[in-house]
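I have placed the structure first, in the form of structure tokens, so that the comments after it can refer back to it.
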Amino acid sequence: MTAVEDRYGRRIDYLRISVTDKCNLRCFYCMPEEGIPSKHHLEILRFEEILRFVRVAAGLGVRKVRITGGEPLARRGIVDFVAELAAIPGISEVAMTTNGTLLKECARSLKQAGLHRVNISLDTLDRDKFHRITRRGRLEDVWAGIETALESGLTPVKLNTVLMRGVNGDEVLEFARMTVRRPLHVRFIELMPIGESDASWSDSFLPVSRVREAIEGEMHLVPVAGKMGNGPAEYYQVPGAQGTVGFISAISNHFCSACNRLRLTADGRLRPCLQDRLEVDVRDALRHGEEDEPVRQAIVQALCFKPGRHHMTDGWQGQERLMSDIGG
Ligand code: SAM
Ligand code: SF4
């Protein structure tokens, strides 16, 4: 079956799944230092429930799945889950977004289980700054994860770098230079006013246009031909470089007209838009009854609710959810 369309004619074939709202780091723009109040484990979808959901979604045309969180590698049983996910008929790609700190130990098993590639979050190349941003992480663990991902063939390895004025704006040239000598695909992402970053957002926001200008002042960038993923990044390359530089302008130049995704939260809500508070409960449908029809109906309902665009600059409007909860 081909992908279903929403009421704006967008083909929805991409699902992001938050498998846990917990994380081993506390990036200051994402999570409070003390962490988040623990949800009862019964509130969180079991892996079998997620797999059933994906089977139904695949029947409606979902083809690509990204596992995220929280920190997905912090959830026990994740490798077996990946294997079962990758075996679902109709699912052609399974990817993961991770902070990379636990990746060294499991990259090879993940590849064997059927994971295609990883995006690894890395906001700085400086050891001390990394510790300050994540409030507890060790940069060397992430690098060990990156190297093992490359060796294991979880490629292309993309690095997600959230831009923050006064934090990492001074490092963008160093990131871009790194792509010349390493097969790494750095994606500069605009900070979004979500959860923890809502209050201080306007002081920290750094538009990708400024970063691109800064890089182009130093090096020649040419657009990369062809598609490099399922998302909205625009990719460039220094001629002859092994990697690429991508820009994701979620705020300054939103790309909602090309949005192809739904999000499943760790506690079983379907979220049609990252920013919009509207959600459809699928946990009940998954838990009560063997019939797939209520699950299918929930997906169709979420598609009907999918707004034409986000209104991110209006802020987070007191929503309780954090990025880690929704699955960024
Ligand atoms: N823990 C994993 C990780 O860090 O890659 C996966 C979950 S994390 C919520 C997914 C992505 O969301 C990360 O790349 C993170 O940097 C990004 N993110 C979190 N809060 C954000 C914000 N306010 N604006 C932009 N990106 C954000
Ligand atoms: Fe954890 Fe990822 Fe949020 Fe950092 S961005 S606190 S690693 S969920």
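In each ligand, atom 1 is the first atom listed, and ligand 1 is the first ligand listed. Below, all heavy atoms of this structure are taken into account, side chains as well, without hydrogens, waters or symmetry copies. Numbers here simply count residues along the sequence, with the first being 1. The structure presented is a predicted model; accordingly, all values stated were derived computationally and were not measured.
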So if I count the atoms of ligand 1 from 1 in the order they appear, which ones are less than 4.0 Å from some heavy atom of G69?
7 (C), 9 (C)

Would E293 and Q297 count as a side-chain contact (heavy atoms from CB on, under 4.5 Å) here? Give the steps.
CA-CA 6 Å; E293 190 49 33; Q297 275 171 19; 3.5 Å; yes

Please determine which of T155, T179, T244 meets the side chain to side chain donor-acceptor pair (under 3.5 Å) test together with H185.
T244

With heavy atoms only and a cut-off of under 4.0 Å, state how T97 meets ligand 1: side chain, backbone, both or neither.
both

Quick check on contacts: which atoms of ligand 1 are under 4.0 angstrom from a heavy atom of T98?
2 (C), 3 (C), 5 (O)

Is it true that D123 and K129 make a salt bridge, defined as a side-chain N closer than 4.0 Å to a carboxylate O?
no

Taking both backbone and side-chain atoms of L191, is any N or O found less than 3.5 Å from an N or O belonging to ligand 1?
no

Once you round to the nearest 0.5 Å, how far does NZ of K111 lie from OG1 of T148?
14.0 Å

Residue and atom names of protein N/O/S atoms that fall under 2.8 Å from atom 4 (Fe) of ligand 2
C27 SG

Donor-acceptor contact below 3.5 Å, side chain Q237 vs main chain A241:
yes

Say whether G70, considering both its backbone and side-chain N or O atoms, lies within less than 3.5 Å of an N or O atom on ligand 1.
yes

With nothing but distance in play, are any N or O atoms of T68 less than 3.5 Å from an N or O of ligand 1?
no

Checking side chain to side chain donor-acceptor pair (under 3.5 Å) between Y14 and each of R263, E93, R66, which is the one that passes?
R66

Below 4.0 angstrom from a heavy atom of V162, which ligand 1 atoms are there? Numbered from 1 as shown, please.
16 (O), 26 (N)

So, the side chain of R138 versus the backbone of T101: is there a donor-acceptor pair under 3.5 Å, distance only?
no

Looking only at heavy atoms, what is the nearest atom pair of A233 and R187, with distance?
CB-NH1, 4.2 Å

So, regarding E190 and ligand 1 (criterion: nitrogen or oxygen to nitrogen or oxygen, under 3.5 Å), is there a contact or not?
no

E49 (side chain) donor-acceptor with R283 (main chain) under 3.5 angstrom:
no

Quick one: do R182 and E147 make a salt bridge, cutoff under 4.0 Å?
yes

Would one find an N or O of N119, backbone or side chain, under 3.5 Å from an N or O of ligand 1?
no

Under 4.0 Å from a heavy atom of E71: give me the atoms of ligand 1 that qualify, with their elements.
1 (N), 2 (C)

Would you please classify the geometry between the F47 ring and the F81 ring as parallel, tilted or perpendicular, with 30° and 60° separating the classes?
parallel

Give yes or no for whether the N/O distance cutoff of 3.5 Å, strictly under, is met between Y29 and ligand 1.
yes

